[in-house]
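Just so you know, these numbers come straight off a predicted model, no measurement behind them.
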Amino acid sequence: MKIAYYPGCSAHGTGIETDQSTRELCRILGIELADLPDWNCCGASSAHVVSSELALGLNARNLAQASAIADEVVTPCPACFNRMAEANHHIKQHGAPEKAGSIKENLEVRHVIDLFSQKDMLKKIAKAATRGLNGMKVVTYYGCLTSRPPEITGAKNPENPTEMDVILETLGAEVIDWPLKTQCCGGSLTIPKDEIVANLSNQLYEMAARAGAEAIVTHCAMCFTNLERQWANPVEGEHPEPLPVFYFTELMMLAMDPAKAQAHFRRHLSDPNPLLSARGLS
C-alpha cells in the first residue's frame, strides 16, 4: 500500500512525536509512505483568515505533488488535513488554480486516524501488537478539525467521533465516554490570549478527571501542546492534578514496540511513567 504523506510543519517541532510514531507504525503495518517532495506549509489558520486565494493556492500545490505519487494523501496533523480537504473539495467543484499543477479528480485527503481505523487495518493492528494496554482508562480528545465541517471532512459522526476509541479498545484500553471530546482547546490563541487557552484546557482536565480517566489521548499537536502547557502553568484551584497526555499513535506504539514508545515519552512535559508503571506498561 503506497500513500502520499504530508508531514506538515509541526512534524519538525512540537509534533515530532506524532510524526515519528506514525512513520514507525506504517512500517510495522506494511504501509509505504511517500513524502511529498518540496512540500509547503498548508497555511493553517494564518493563511485562510487573511486570503482565501492564498489558502487555496498553498494547498493546491501540495495536492498536485500528492497526485504525482498516489491516489490518496494522508497527514498526522488535523489542521493540515482540514486545510487540504477544504482545498480538495473546492477544486472538485470549481477547478484548480491556474498554476497549481495537475491534480487527480479521484485524489483523497485523509487523516492518519482514518487510515488506522479501517476494519482491515484494525485486524493488522491487533496482530502486530506484542502486548495490550492493560485496561488503561483514557478519554479520547478529538478537538475541532478532523470532524467539522462534515461536508469537508467526511466525518460520519462529527459530534461524537469514535475512530480513536475503536483503535485503543482494539489494543486493550478502556475508553471512557465523556461530553467534551470535540470541544475546542483554544488552538492558536495560546500566544495572544493565553488565559482563554488555560481556562479551556482546565475544563478538559476537570471533566476528564470527573469521568474517571487516567490519561487524555489526542491526535492533534496543537491540542497536545495546549494540554501539556498546563503542567508548567496550572491555574490554581481550577482542576485536579493534570493527567498525562498521549498521542494515540504513541499508545499504538506502546502496544507494538514499547522501547521506541518510551523514547517518545521522554519529550513529554506530562510524565506518563507513574501511570505506565501502575498498569505494568513501563
Side-chain angles (χ1 to χ4, degrees), residues 7-22 44-45 76-80 111-113 133 136-146 164 168 173 175-176 178 180-211 213-254 260-279 281-282:
C9 303
S10 63
H12 299 281
T14 56
I16 191 170
E17 300 98 327
T18 187
D19 174 66
Q20 290 178 346
S21 55
T22 294
S45 300
C77 175
C80 298
H111 187 273
V112 293
I113 195 173
L133 296 178
M136 183 190 297
K137 296 180 180 180
V138 303
V139 290
T140 51
Y141 178 60
Y142 293 78
C144 309
L145 295 173
T146 52
M164 275 194 290
L168 295 175
V175 180
I176 298 172
W178 72 315
L180 301 186
K181 60 166 58 175
T182 60
Q183 178 165 304
C184 184
C185 69
S188 57
L189 287 176
T190 189
I191 301 300
K193 297 287 184 180
D194 181 65
E195 69 279 4
I196 292 177
V197 173
N199 288 329
L200 289 172
S201 297
N202 290 335
Q203 289 177 27
L204 295 170
Y205 275 124
E206 287 177 1
M207 184 57 71
R210 286 171 57 189
E214 297 172 317
I216 301 175
V217 183
T218 187
H219 60 1
C220 174
M222 180 65 75
C223 299
F224 183 91
T225 300
N226 284 344
L227 288 167
E228 282 227 304
R229 285 183 70 250
Q230 301 315 306
W231 280 70
N233 301 291
V235 176
E236 292 185 9
E238 291 290 331
H239 59 77
E241 187 68 21
L243 302 171
V245 186
F246 296 96
Y247 289 111
F248 83 101
T249 49
E250 291 180 314
L251 290 185
M252 290 176 68
M253 283 300 299
L254 185 62
K260 285 193 174 179
Q262 287 291 342
H264 298 155
F265 300 151
R266 287 197 291 268
R267 293 176 55 89
H268 290 201
L269 292 176
S270 55
D271 182 7
N273 288 303
L275 170 59
L276 297 179
S277 295
R279 285 289 173 184
L281 296 170
S282 60

Next item on the list: Can you see which heavy atom on Ala221 is nearest to which on Gly15, and at what distance?
Entry: CB-CA, 3.9 Å
Check: Do Tyr141 and Thr182 have side-chain heavy atoms sitting under 4.5 Å apart?
Finding: no
Checklist line | Note, Val138 side chain near Leu168 side chain (heavy atom, < 4.5 Å) | finding: yes
Notebook entry, point to check: How long is the gap from CE on Met252 to CG on Leu133, to the nearest 0.5 Å?
Noted result: 10.0 Å
Notebook entry, point to check: Does any donor atom in the side chain of Glu228 or Ser270 lie under 3.5 Å from an acceptor atom in the other side chain?
Noted result: yes
Notebook entry, point to check: Leu200 and Leu204: side chain to side chain contact (heavy atoms under 4.5 Å, CB included), yes or no, with the steps?
Noted result: CA-CA 7 Å; Leu200 289 172; Leu204 295 170; 5.8 Å; no
Check: Counting distance only, does the side-chain N/O of Asn226 pair as donor-acceptor with the main-chain N or O of Gly187 below 3.5 Å?
Finding: yes
Item checked: Nearest heavy atoms of Asp19 and Pro7, plus distance in Å -> OD1-CB, 3.9 Å
Item checked: Minimum heavy-atom distance Leu275-Ala215, with the two atoms named -> CD2-CB, 3.8 Å
Note to self: Would you say that Met136 contacts Leu276 through its side chain, given a criterion of any heavy-atom pair below 4.5 Å between the two side chains?
What the structure shows: yes
Notebook entry, point to check: side-chain contact (heavy atoms from CB on, under 4.5 Å) with Ala261: which residues, sequence neighbours excluded?
Noted result: Met253, Leu254, Phe265
Note to self: Measuring from atom CD1 of Ile196 to atom SG of Cys184, what distance do you get when rounded to the nearest 0.5 angstrom?
What the structure shows: 10.0 Å
Margin query: Would you say that Val139 contacts Val175 through its side chain, given a criterion of any heavy-atom pair below 4.5 Å between the two side chains?
Written below: no
Check: Which residues pass the ring-ring contact (aromatic ring centres under 6.0 Å, His included) test with His219, sequence neighbours left out?
Finding: His111, Tyr142
Notebook entry, point to check: Okay, side chain of Ser21, backbone of Thr18: is any donor-acceptor separation there less than 3.5 Å?
Noted result: yes
Item checked: Atom pair NZ (Lys193) and OG (Ser188), whose distance is rounded to the nearest 0.5 Å -> 13.0 Å
Next item on the list: Name all residues meeting the side-chain contact (heavy atoms from CB on, under 4.5 Å) criterion together with Thr225; count only those two or more places apart in sequence or in a different chain, and write none if there are none.
Entry: Thr14, Arg229
Next item on the list: Determine whether Asn273 and Gln262 make a side-chain contact, defined as any pair of heavy atoms from C-beta on separated by less than 4.5 Å.
Entry: yes
Margin query: Please give me the minimum heavy-atom distance between Ala208 and Leu243, naming the atom from each residue.
Written below: CB-CD1, 3.8 Å
Notebook entry, point to check: Hey, does Pro76 have a side-chain heavy atom less than 4.5 Å from the side chain of Tyr247?
Noted result: no
Check: Is the shortest side-chain N to carboxylate O distance from Lys137 to Glu214 below 4.0 Å?
Finding: no
Notebook entry, point to check: Would a 4.5 Å heavy-atom cut-off, applied to side chains only, mark Phe246 and Phe224 as touching?
Noted result: no
Notebook entry, point to check: Of the options His264, His268, Gln20, which is the one that meets Glu250 in a side-chain hydrogen bond (donor to acceptor under 3.5 Å, both in side chains)?
Noted result: His268
Check: Any donor-acceptor pair under 3.5 Å linking the side chain of Trp178 with the backbone of Thr140?
Finding: yes
Note to self: For Thr218 and Phe248: C-alpha separation, side-chain torsions, deciding distance, then whether side chain to side chain contact (heavy atoms under 4.5 Å, CB included) applies.
What the structure shows: CA-CA 6 Å; Thr218 187; Phe248 83 101; over 6 Å; no
Item checked: Leu145 side, atom CG; Cys223 side, atom SG - distance, nearest 0.5 Å -> 7.5 Å
Item checked: Any side-chain heavy-atom pair of Met164 and Lys181 under 4.5 Å -> no
Checklist line | Test item: Thr146 side-chain N/O and Pro78 main-chain N/O as donor-acceptor pair under 3.5 Å | finding: no
